[in-house]
Amino acid sequence: MENQTAERKKVIFSAIQPSGTITLGNYLGALKNWVALQDDFDCIFALADLHTITVRQEPAKFRRNILEAYALLLACGIDVNKSLFFMQSHVHTHAELAWILNCYTQFGELSRMTQFKDKSAKHADNVNAGLFTYPSLMAADILLYNADYVPVGADQKQHLELCRNIAERFNGLYSPTFVVPDGLIPKTGARIMSLQDPTKKMSKSDENTAGFITMLDTPAEIMKKFKRAVTDSEARVYYGENKAGINNLMGIYSCITGKSYDEIEKEFEGRGYGDFKTAVGEAVVKELEPIQARYNELIKDKAYLEKCYSEAAPRAEAIARRTLQKVMKKVGYLPVAH
Ligand code: TRP
C-alpha cells in the first residue's frame, strides 16, 4: 500500500558450527554470501556452539575454536552494526524451544535424516540423543527469530525441510505462530569440492589436508595445494562432464572474480592447467589476505570480541523470548505473574 512506509525487511537467519577450521568451502559456499546479504535483509547469525557438542569436544580447544570462529566471521565481513551476530549458547531460549519442538517432532522423522545416519556411522561410539535431536534444535534456532529465509548448503536442506514441517504442524495444531521459512540458495559459490577428490565436498575432516584450504593457510600453502589439485588429462579449461576437478576450480575462480564460465574459458584458451591453477591460487590468496590481516588484529583484541558477542546476546534473547512466550502460551503453560 502506498502510504505504508518502511516495509519490514525480510529476516535472514543462519548459523555455522565452531567446530575447528573454517575452510574456503565454508567461506565461498556460505559466509561470503552472508556478508553480501547484510545490506538488504535483517540478518541474524549465530555460532551454533550447542550443536557442536553432539560430537565430543576437548574443553580448552573448544573454547579456543569458538572465539577464533567468532573473530574469523567478523574478519570475513560480518558487521555487528548491520547484523545481529551471537553465540547460541548465550541465549538459553534456544534450548528451551528445542525441548518443546522435540515433543512435536516424530522419532521416524529424525531417523530419516541422512546427516544423523552418516554421523552415527562415523561416531559409532557416541550416538547420543543430541545427535538425534539436532534438527529440532536447528528448527528452534530458525523459528525463534521469525526468519523468512535461511541460507543453507545442500547438506542442510533436509533439516530445513523438517523445520518447515515442524512449524506447519505447530501452526496447524494451534494457530499461526511460526513464520515458515524458505531456503535461500546462494547465487554463487554453492558447493566447493575437495581439491584431491573433486567428487566429494571440501571438508575440514578430510584426512588429506591437501584437499581443503583453510581460511588461515599461508599464501605458500594455498599455492601448493592448488598446484597439486586433481584435474584430468585433457588439458583444456572448460566446464563440462567428467571434469569435476576443473569444474571445481572454475567454480572457485568464478566465485571470487565474478567472471562467468565463458569468460574463464576464453581467458585460458590455449593455456595449460598449470597457468589456470596458478591463477586460481593467486585469486584465492588475494581474497584471503585482507581477511587474514583483519583476523590477526581481531584475535589479539579479546576485549573487543567479548564486547561484540556480549552485546549481541541480550538483543537476540529479547527477540527469542517473545517467540518462546507465545509458544508456551499456546501450548497451555501458565506465565509467571509480575
Ligand atoms: N546445522 C548447521 C550446519 O552444521 C548449522 C546450523 C545450526 C544452522 N542451526 C542453524 C544453519 C540454523 C542454518 C540455520 O551447517
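This structure is a prediction, so every number in the text was calculated from the model and none was measured. Ligands are counted one by one from 1 in listed order, and the atoms in each one are counted from 1 as well.
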Worksheet entry | Charged N-O contact under 4.0 Å between Arg236 and Glu269 | no
Worksheet item: Can you find an N or O of His159 that's nearer than 3.5 Å to an N or O of ligand 1?
Response: no
Worksheet, complete the sentence: Quick note on ligand 1: atoms under 4.0 Å from a heavy atom of Tyr134 include exactly 1 (N), 2 (C), 3 (C), 4 (O)
Worksheet, complete the sentence: Any heavy atom of Gln156 under 4.0 Å from ligand 1? The part involved is side chain
Worksheet item: Any link between Leu137 and Val152 through a network of hydrophobic side chains (Ile, Leu, Val, Met, Phe, Trp, Tyr) touching at under 4.5 Å?
Response: no
Fill in: Atoms in ligand 1 with a heavy atom of Phe13 nearer than 4.0 Å
12 (C), 14 (C)
Worksheet item: What is the ring orientation for Tyr309 with His90, classed by angle as parallel under 30°, tilted 30 to 60°, or perpendicular over 60°?
Response: tilted
Worksheet item: Of Ser14, Ala15, Ala147, which has the heavy atom at the shortest distance from atom 5 (C) of ligand 1?
Response: Ala15
Worksheet, complete the sentence: Numbered in order shown, the ligand 1 atoms found under 4.0 Å of a heavy atom of Ala48 are 7 (C)
Fill in: Phe212 six-ring face occupied by Lys225 cation (under 6.0 Å, within 45°)
yes
Worksheet item: Aromatic ring centroids of Tyr145 and Phe86 under 6.0 Å?
Response: yes
Discussion item. Does Ile53, at its CD1 atom, have more than 12 non-hydrogen atoms belonging to other residues, nucleotides or ligands within less than 6.0 Å?
Written reply: no
Item to complete: Quick one: look up the protein heavy atom nearest atom 9 (N) of ligand 1 and list residue, atom name and how far away it is.
Response: Asp141 OD2, 2.7 Å
Discussion item. So if I count the atoms of ligand 1 from 1 in the order they appear, which ones are less than 4.0 Å from some heavy atom of Gln17?
Written reply: 4 (O)
Item to complete: Using a 4.0 Å heavy-atom cut-off, say whether Ile142 meets ligand 1 through its side chain, its backbone, both or neither.
Response: side chain
Worksheet item: How does Val150 reach ligand 1, if at all, at less than 4.0 Å between non-hydrogen atoms: by side chain, backbone, both, or neither?
Response: side chain
Worksheet item: NE2 of His51 to CD of Gln17: how many Å apart, nearest 0.5 Å?
Response: 7.0 Å
